Amino acid sequence: MDVDFDKESGIGPSDPKGKLTAEEKALLGDIQGNILKSHGRDHSRHLFITFDTTKAKEAKAWLAQLSKTKVTSALKQWDDSRVRAEIFEKSKKEEDPEAYLSVELPKKPSGIFINVMLSAKGYDALGLSGKKPTDGIFGGGAAGAVSRLSDPPRKDWEAPFKAELHALVIIADDDPGKVAAEAKAITDSLKGGKVVNTEIGRALRRGKNGPVHEHFGFVDGVSDPLFFAKDIPKSSKQWNPGAPLKLALAKDPGGHAKTGYGSFLVYRKLEQNVDQFNQDRHELAKVLAKEDNRTEPNHADRELAGAYLVGRFPDGFPVSEKATPDGADREIPNNFNFSTDTDGLKCPFQAHIRKTNPRGDTTKLGGTLKQERTHRISRRAISYEQKGKVGLLFLCVQSNIEHQFEFMQSAWANAPEFVQPKPPTGLDPVVGQGKVVKQQWPAKYGSDKKVPLSLKQSVHMKGGEYFFMPSMGFLKGV
Ligand code: HEM
């Protein structure tokens with residue numbers, strides 16, 4: 001039986017120790033890893049390549065060789081993940097609840113992870129225009145999206161992103177030394193092109209194996225669509241994270257008729273101005289303190305103000321569920337929606353997670369939850385630090401960039417009238433771009449008195465590109 005691309009209950013066995021079907025194996029063997037599930041490694045290097053169009057033959061031979069020997073398929077990722085899962089399970093059984101934070105992962109848990117992908121111009125440079133996926137806006141790349149997304153003009157991007165970027169190789173491992181050595185080996189092997197830029201990613205963790213957080217200090221990577229049955233929680237009545245394969249996989253025109261699928265990857269270098277974010281949080285905390293007849297904000301005001309901006313407290317606990325961070329729970333809740341907070345009195349409409357995943361809010365606008373869920377993206381981001389600046393190398397995969405990432409950024413995060421036109425919701429305080437309008441914030445948690453305050457932008461886009469992660473079959477035979 002063919003693999004079902006429409007079902008939301010996930011593929012593969014629901015028992016983590018169960019087996020894949022032959023069809024699932026064939027599909028996972030032909031698609032790259034990191035699409036249906038994050039590779040989960042803490043260190044990465046992103047090599048941006050420009051090909052020499054007069055040497056397309058050499059470049060293609062290099063790409064095929066790299067794919068045959070190094071690129072990680074989803075099937076290899078599946079097999080390797082067993083090792084990691086066993087270690088994690090073992091660590092969770094320890095009596096000390098904090099023990100899992102200090103469990104040593106073996107030196108080489110699953111080996112180095114490698115992805116490769118092409119931009120639309122990359123397909124052209126290799127003489128492969130006929131095999132290019134036909135997503136409407138892929139051809140224009142990130143540069144073509146500037147006005148749609150209210151991005152800074154390309155002339156203001158960091159210099160390496162102003163170059164014509166043809167391919168991206170992602171190298172990841174838990175050992176940064178191994179990542180650097182592999183990056184050097186791949187760069188040295190490259191024929192018919194040049195590595196024109198390298199971005200270095202490093203996951204920030206609480207404790208050795210604790211949850212990942214981003215530079216503003218909030219746990220990240222909690223809520224993502226889940227594609228494997230074994231990962232989808234059985235009771236997820238308020239929010240079902242399960243997702244059909246068609247949310248992430250698009251037909252690869254150059255791939256195998258049955259199993260040839262790839263995914264579109266949006267790459268954005270997003271610089272985070274931590275001082276500005278803290279200033280915004282402080283201004284909001286001051287307003288909350290004033291409403292409580294205090295002159296100076298206290299710790300609780302600051303925590304709540306941060307949670308109003310993100311929609312979760314720094315420890316990941318959703319503000320729609322509680323006025324204070326939980327602290328005690330190890331499992332960060334994701335089974336919630338905003339049906340008991342329809343006026344945005346606990347989690348403001350503009351909070352980052354409510355703007356980017358309204359969890360049913362759009363039904364008020366006449367849409368359906370089913371339709372809303374088709375805009376979901378799968379985030380594969382990692383933090384960076386560079387020359388005193390910090391930020392997020394924001395990567396997300398999807399089957400249609402226009403319908404998913406671009407829609408989320410422009411029609412939700414950047415749209416002051418989403419999800420409420422009057423008074424306007426305003427921009428997403430984390431990633432919104434465009435005209436700033438005054439926003440309304442709950443004066444007290446859960447109260448219907450709202451106070452106005454507008455904030456400054458603390459995340460700035462520094463450059464990016466759109467890529468397609470082709471099928472293994474296409475890459476090996478290129
Ligand atoms: C969730 C931070 C950029 C879309 C989150 C969370 C944090 C966060 C802390 C909550 C944890 C979680 O649910 O995983 C950031 C920061 C960014 C950034 C600091 C930039 C520097 C973006 C962009 C988009 C985006 C550009 C898309 C336009 C999402 C989505 C979720 C999320 C879809 C999950 C919401 C949910 O399902 O509840 N982000 N983010 N983020 N973010 Fe971002």
Side-chain angles (χ1 to χ4, degrees), residues 38 142 145 148-151 201 203-204 206 211-226 236 238-243 247 266-274 276-278 280-281 306-321 325 332-338 347 351-361 372-385 389-398 401-415 418 427-434 457-462 464:
S38 163
R148 292 195 296 272
L149 303 178
S150 306
D151 280 341
L204 311 170
R206 299 237 157 88
V212 171
H213 60 94
E214 46 67 50
H215 281 288
F216 294 147
F218 292 72
V219 167
D220 202 2
V222 179
S223 174
D224 253 322
L226 302 176
S236 44
Q238 310 303 318
W239 177 251
N240 171 16
L247 194 71
V266 169
Y267 192 104
R268 288 164 78 79
K269 185 170 184 183
L270 300 177
E271 190 175 293
Q272 292 176 253
N273 183 336
V274 178
Q276 182 59 58
F277 181 86
N278 287 338
D280 280 349
R281 176 165 35 186
Y308 278 172
L309 302 180
V310 174
R312 289 183 184 266
F313 287 95
D315 70 357
F317 207 87
V319 70
S320 57
E321 309 305 294
I332 300 168
N334 198 32
N335 184 21
F336 67 96
N337 59 35
F338 304 113
C347 180
H352 177 55
I353 67 157
R354 195 160 182 173
K355 273 281 200 181
T356 55
N357 187 7
R359 297 180 187 237
D361 276 350
E372 183 195 292
R373 284 163 62 83
T374 64
H375 296 295
R376 287 180 292 165
I377 54 172
S378 301
R379 292 169 298 138
R380 302 291 179 254
I382 190 158
S383 291
Y384 75 88
E385 291 147 46
K389 308 274 187 197
V390 301
L392 196 66
L393 300 170
F394 176 84
L395 286 73
C396 70
V397 292
Q398 58 244 281
I401 298 177
E402 190 174 14
H403 186 74
Q404 293 170 264
F405 167 71
E406 282 208 6
F407 186 90
M408 187 178 283
Q409 179 76 53
S410 65
W412 289 352
N414 293 356
F418 181 80
L427 304 183
D428 173 333
V430 179
V431 294
Q433 304 183 134
Q457 202 177 321
S458 50
V459 170
H460 296 272
M461 194 263 194
K462 294 288 160 183

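As the structure lists them, so they are numbered: ligands from 1, and atoms in each ligand from 1. If you're wondering where the values come from, they're calculated on a predicted model, not measured in any experiment. Excluded from the calculations below are hydrogen atoms, water molecules and symmetry mates; all remaining heavy atoms, backbone and side chain alike, are included.
Closest protein heavy atom to atom 13 (O) of ligand 1: Ser223 N, 3.3 Å. Nearest to atom 35 (C) of ligand 1 among the protein's heavy atoms is Asn357 CB, 3.7 Å.
Each of the following atoms of ligand 1 lies closer than 4.0 Å to a heavy atom of Leu392: 16 (C), 17 (C), 18 (C), 20 (C), 21 (C). Residue Phe218 approaches ligand 1 through these ligand atoms, each under 4.0 Å from one of its heavy atoms: 9 (C). For ligand 1, the atoms lying closer than 4.0 Å to a non-hydrogen atom of Val219 are 9 (C), 10 (C), 11 (C). The contact set between ligand 1 and Glu214, taken as ligand atoms under 4.0 Å from a residue heavy atom, comprises 19 (C).
Ligand 1 lies nowhere less than 4.0 angstrom from a heavy atom belonging to Trp239. Contact analysis puts Arg359 in contact with ligand 1, with a non-hydrogen atom separation below 4.0 angstrom. Under a 4.0 Å heavy-atom criterion, Ala413 is not in contact with ligand 1.
Checking side-chain atoms of Asn337 against main-chain N and O of Trp239 turns up no donor-acceptor pair under 3.5 Å. Between the side chain of Glu372 and the main chain of Gly360, a donor-acceptor pair closer than 3.5 Å is present.
An N or O contact shorter than 3.5 Å is missing between Gln272 and ligand 1 by distance. Backbone and side-chain nitrogen or oxygen atoms of Gln409 are examined, and none is located within less than 3.5 angstrom of a nitrogen or oxygen of ligand 1.
Around atom 43 (Fe) of ligand 1, the protein N, O or S atoms found under 2.8 Å comprise His352 NE2.
A cation-pi arrangement is absent between Arg312 and Phe218 under the rule of less than 6.0 angstrom and at most 45 degrees off the ring axis.
Once rounded to the nearest 0.5 Å, the distance linking NE2 of His460 with CD of Gln433 reads 9.0 Å. Here the straight-line distance linking atom NE2 of His352 with atom CG of Leu309 works out to 11.0 Å at 0.5 Å rounding. Annotation: the span from His375 atom NE2 to Thr356 atom OG1 amounts to 13.0 Å, rounded to 0.5 Å. Distance check, rounded to the nearest 0.5 Å: CD1 of Ile353 to OG of Ser320 gives 6.5 Å.
Contact annotation: for Arg312 versus ligand 1, heavy atoms closer than 4.0 Å belong to the side chain alone. By the criterion of a heavy-atom distance under 4.0 Å, both the backbone and the side chain of Val222 are placed next to ligand 1.
Heavy atoms only, all atoms of each residue included: Phe216 and Phe277 are closest at CE2-CB, 3.4 Å. The shortest non-hydrogen separation linking Asp224 to Ile377 is OD1-O, 3.6 Å. The heavy-atom pair separating Thr374 from Gln404 by the smallest distance is O-CG, 3.5 Å. In terms of heavy-atom proximity, Ala243 sits nearest to Pro225 at CB-CB, 3.6 Å.
Partners of Ser383 according to the side-chain contact (heavy atoms from CB on, under 4.5 Å) rule, which considers only residues two or more places apart in sequence or in another chain, are Leu204, Glu214, His215, Leu392.
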